[in-house]
Amino acid sequence: MERILIADDDAGIRQLLRDFLEDEGYDVMEAETSAEVLSAVSSDGNAPALVLMDVRMPDKSGIDVLRDLSETYGNQLPFIIMTAYGSSSIAIDAMQLGAYDYITKPFDLDDVLLTIRRYFEHQTLKQQVQGLRTQFRDTDPNDYIIGNSAPMQEVYKTIGRVARSDATVLITGETGTGKELVATVLHRNSSYAGGPLVKVNCAALPETLLESELFGHEKGAFTGALNQRKGRFEMAHKGTIFLDEIGEMSLSTQKKLLRVLQEREFERVGGTVSVKVDTRVIAATNKNLAQEVRENRFREDLYYRLNVITIYLPPLRERLDDIPMLVEHFLHKHRYTAGSGPAKITPGAMRMLQEYDWPGNVRELENLIERAVVLAQGTVITEDHITFSSADQRNFVDIAARVRRGATITEVQQEVEKLMLIEALKQVEGDRVAAASLLGLDIGEFQQKLIDYGIPGEVTSMAPY
Ligand SMILES: Nc1ncnc2c1ncn2[C@@H]1O[C@H](COP(=O)(O)OP(=O)(O)OP(=O)(O)O)[C@@H](O)[C@H]1O
Ligand SMILES: [Mg+2]
């Protein structure tokens, strides 16, 4: 049973919270003064797992309590602070000192419960990530796959099943879903792990260069081929070759690849000697290869060769449950400075991340976190630090977040107005007269608003403003 300390000088509030939280199965303690909080937190056997504390305490303010504790215990304090409505600067101070979250009074008991549950969930995730980290201590932090959602469990099972076989594997999924990462993990766990992992991006080179890149060439094979050169397949002998973006490979190169897969041998470009290789082949694509086959852009026989084992990485929007763990992972991976600890993130900001649809998938999330860490200067990432790069999401105003942070009606109205102006301009391709009439404004009013909001002349896309 999780133990929660309720610290408030108001006995009525303590009673209310006690009754409610005990019904929810928590073990509740109370404190009336800051001194009692400090002694409870530092007591050995009996310390609470979480403290729900009013900022206004009779002896010492809640902020001072946090300050004392963050000096001794570091800045990840198991505290949820209760503040009066509208005192957002206190709330921000509390977060910066390392409190987990804050709730404003008067509060809704269900919100209190939600915040508490999220805290404990968050703790569990943290432990899991730490567990993973120890488990993988010897590997590069870039080389492990995070995520516990059902679709990812399937991915792990398949990796486990195929890693030690020498079967060809095709990895599919939208951009940024982790295909290259999975290929790396597969290689590291395979019987080819002692050999190299050689990566080739089939989209990066024109047809003739790709062939010589893959298979090598003999001296004089073409103008400029001054020496014999080994190809990637030869370099990957006893290792793995990763053919990225295989959907972009030309039909003639596909034919040569098919032969390698069937016979495990090939000739260098311009050569007659056949070269034998023992190489594990992993291919990846974000295209629908079956569709490419139907449209005669991809050889059917090669497709069946590659498609023996397929690992499909679902888009991030279909596994939003993985987001907290991924965020935690990226906060550890992207520190503000080499010496700083991982930044933290408010529940409100986390919620924004879980409400987004992630067209750029995990890569987009990783980039966003990296950016947010910088904006928050490595401390606490709040809603203000979250900027989605895909254009349309700028259309989004999170009302709950605004109210929580104490934004006024006028501020939110202005924010919405600005978004509407930009969107209207976008929809009519920058035609101001048309945009004004779309919004029911006369052109004079419309122009004035553009000036007021500093919206530039032409808005064809929702570039950062
Ligand atoms: N499940 C995951 N856990 C941890 N990091 C991940 C995960 N999935 C992706 N990443 C990270 O996201 C970034 C993008 O992943 P990756 O390059 O593997 O995507 P991809 O599917 O190959 O994308 P593309 O199709 O655009 O090449 C990398 O930095 C990778 O480490
Ligand atoms: Mg890739």
Side-chain angles (χ1 to χ4, degrees), residues 125-126 128-137 139-160 163 169-189 197-205 210 232 240-249 281-289 291-292 306 310-335 342 345 353-354 356-373 388-390:
L125 285 176
K126 248 199 232 160
Q128 284 171 349
V129 171
Q130 261 151 21
L132 281 174
R133 200 158 283 125
T134 2
Q135 194 180 332
F136 288 97
R137 206 172 16 220
T139 46
D140 187 320
N142 295 320
D143 284 359
Y144 47 87
I145 311 172
I146 303 290
N148 263 341
S149 58
M152 288 311 285
Q153 304 277 6
E154 284 307 308
V155 170
Y156 303 146
K157 274 189 226 159
T158 316
I159 294 179
V169 178
L170 176 66
I171 307 172
T172 63
E174 289 178 11
T175 179
T177 46
K179 297 185 292 297
E180 185 165 345
L181 177 65
V182 166
T184 309
V185 171
L186 244 170
H187 169 70
R188 294 277 154 79
N189 289 289
L197 170 63
V198 176
K199 299 179 182 178
V200 187
N201 184 338
C202 303
L205 295 170
L210 179 61
R232 300 291 174 125
T240 303
I241 189 164
F242 176 52
L243 302 171
D244 203 359
E245 307 207 36
I246 195 152
E248 307 299 327
M249 191 180 264
V281 178
I282 303 178
T285 181
N286 52 26
K287 286 197 169 171
N288 179 341
L289 282 191
Q291 181 73 21
E292 296 294 296
L306 291 173
T310 305
I311 297 180
Y312 167 67
L313 292 171
L316 186 54
R317 64 183 166 280
E318 287 172 16
R319 41 179 165 120
L320 294 173
D321 291 350
D322 286 342
I323 286 182
M325 276 184 102
L326 282 164
V327 168
E328 193 79 24
H329 173 68
F330 293 136
L331 288 175
H332 279 270
K333 186 169 161 187
H334 301 287
R335 313 282 177 117
I345 181 163
L353 300 181
Q354 285 186 287
Y356 180 58
D357 71 347
W358 301 108
N361 295 296
V362 184
R363 178 181 297 112
E364 186 180 359
L365 174 63
E366 179 166 8
N367 292 342
L368 180 146
I369 294 294
E370 210 178 341
R371 214 161 44 229
V373 167
F388 295 109
S389 53
S390 102

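In listed order, ligands and their atoms are each counted from 1.
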Heavy atoms only: which of [options] is nearest to [atom]?
atom	options	answer
atom 8 (N) of ligand 1	Val185, Val362, Val182	Val362
atom 27 (O) of ligand 1	Glu180, Arg363, Glu364, Arg319	Arg363
atom 15 (O) of ligand 1	Gly173, Gly178, Gly147, Ser149	Gly178

Need the ligand 1 atom indices (1-based, order shown) with element for anything under 4.0 Å from a heavy-atom of Phe330. 5 (N)
For Ile146, atoms of ligand 1 separated by under 4.0 Å from a heavy atom: 1 (N), 2 (C), 3 (N), 4 (C)
Using a 3.5 Å cut-off on N or O atoms only, is [X] in polar contact with ligand 1?
X	result
Gly176	yes
Glu366	yes
Ile145	no
Thr175	yes
Lys179	yes
Leu326	no

[X] and [Y]: which non-hydrogen atoms are nearest, and at how many Å?
X	Y	answer
Thr158	Thr310	CG2-O, 4.4 Å
Met152	Ile145	CE-CG2, 3.6 Å
Tyr312	Glu318	OH-OE1, 4.4 Å

Between atom CZ of Phe330 and atom CD1 of Ile323, what is the distance when rounded to the nearest 0.5 Å? 10.5 Å
First locate atom CD1 of Ile246, then atom OG1 of Thr285, and finally report the distance between them rounded to the nearest 0.5 Å. 8.0 Å
Do the non-hydrogen side-chain atoms of Phe388 and Leu353 ever get within less than 4.5 Å of each other? yes
Pairs satisfying salt bridge (Lys or Arg N to Asp or Glu O under 4.0 Å), at least one member in residues 171-185, at least two apart: Glu174-Arg317, Glu180-Lys199
Sequence-distant partners of Arg232, salt bridge (Lys or Arg N to Asp or Glu O under 4.0 Å), two or more places apart: Glu213
